[in-house]
Student: 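One structure, pasted below without further comment.
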Amino acid sequence: MIYKFNYAEGVVEFVKNQGRALLDASGPKQAVERLRELFEHTREERAEAINDDQYLVTFKVSLDFRVGMIHQVERSVRLCRDMDAYQRARYLDRYVVATVFRETGKPSWLEELGPIKQEISTLRKAAVVAREIPNVMHFLDWDIVIQNYVEVNTKGGHRSRVVRQPH
């Protein structure tokens, strides 16, 4: 989902854990600085000139954004280990697992739900109605954190835990 925020300095849009900002600035460095004033959790910023005073800055959200929520994502993935546990879980936990499935194809037992896009949409609405999330805009943080979780855990050679062999 695309989230769009209008500020006096410009417009910031987010999709998953990537963003772009159209900002008024005198140079690319100042455009990146203005972006960091609006949203400080950025990495891999690139600024390109649109015209004399406007710059389009593309960026990714830093991997340490809302670390506590990343732990909740890990917990949700761990708790929903089969279809029965998934059906009994909170709407938010189910949303997390369904979104991870949409991105990675795992866990494979979620394939029996049918169209995952419709399931995710239904879970978003249900989480708001059940007051697990105050409003739809709070899903921005969840979408960013879920995408960061997927990015970190799908890198080759990465393990989220260090398991030491006994001596």
Student: Hey, which of Q147, E151, K60, H41 is the one that makes side-chain hydrogen bond (donor to acceptor under 3.5 Å, both in side chains) with N17?
Tutor: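 Exactly one option meets the side-chain hydrogen bond (donor to acceptor under 3.5 Å, both in side chains) with N17, and it is E151.
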Student: Go through it in stages, so that I can follow the logic: the residues are Y95 and I146, the test is side chain to side chain contact (heavy atoms under 4.5 Å, CB included), and I'd like the CA-CA distance, side-chain angles, deciding distance and then a yes or no.
Tutor: CA-CA 10 Å; Y95 173 79; I146 292 168; 4.0 Å; yes
Student: Main chain of V61, side chain of R43: is a donor-acceptor contact present, judged purely on distance under 3.5 Å?
Tutor: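 Checked: pair present.
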Student: Could you tell me whether the side chain of Q30 and the main chain of S26 form a donor-acceptor pair under 3.5 Å?
Tutor: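 Answer holds: yes.
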Student: Is the backbone of G10 close enough, under 3.5 Å, to the side chain of D24 for a donor and an acceptor to pair up by distance?
Tutor: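 Flag not set: sc D24 to bb G10 has no pair under 3.5 Å.
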Student: Taking the side chain from S121 and the backbone from K117, do they hold a donor-acceptor pair closer than 3.5 Å?
Tutor: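 Pair absent, no side-chain N/O of S121 close to backbone of K117.
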Student: Under the rule for side-chain hydrogen bond (donor to acceptor under 3.5 Å, both in side chains), what residues qualify as partners of R81, not counting sequence neighbours?
Tutor: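 Counting only residues at least two positions away or on another chain, R81 forms no side-chain hydrogen bond (donor to acceptor under 3.5 Å, both in side chains).
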Student: For this output row, return yes or no: ring centroids of Y7 and F39 closer than 6.0 angstrom.
Tutor: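 Between Y7 and F39, the centre distance exceeds or equals 6.0 Å.
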Student: Would you mind telling me which of I144, L140, V15 makes a side chain to side chain contact (heavy atoms under 4.5 Å, CB included) with Y3?
Tutor: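 Only one option passes, and that is L140.
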Student: In plain terms, say whether E119 and R102 are close enough for a salt bridge, that is, a side-chain N and a carboxylate O under 4.0 Å apart.
Tutor: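 Result for this pair is no, no salt bridge flagged.
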Student: Just how far is it from atom CD1 of I120 to atom CG of L113, taken to the nearest 0.5 Å?
Tutor: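 Going from CD1 on I120 over to CG on L113, the span is 10.0 Å.
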Student: Does any pair with a residue in residues 129-140 pass side-chain hydrogen bond (donor to acceptor under 3.5 Å, both in side chains), and if so which ones, sequence neighbours excluded?
Tutor: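 Qualifying pairs, neighbours excluded: N135-H138.
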Student: Report the distance from atom CG of L35 to atom CZ of R20, rounding to the nearest 0.5 Å.
Tutor: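 Spacing of CG (L35) from CZ (R20) equals 13.5 Å.
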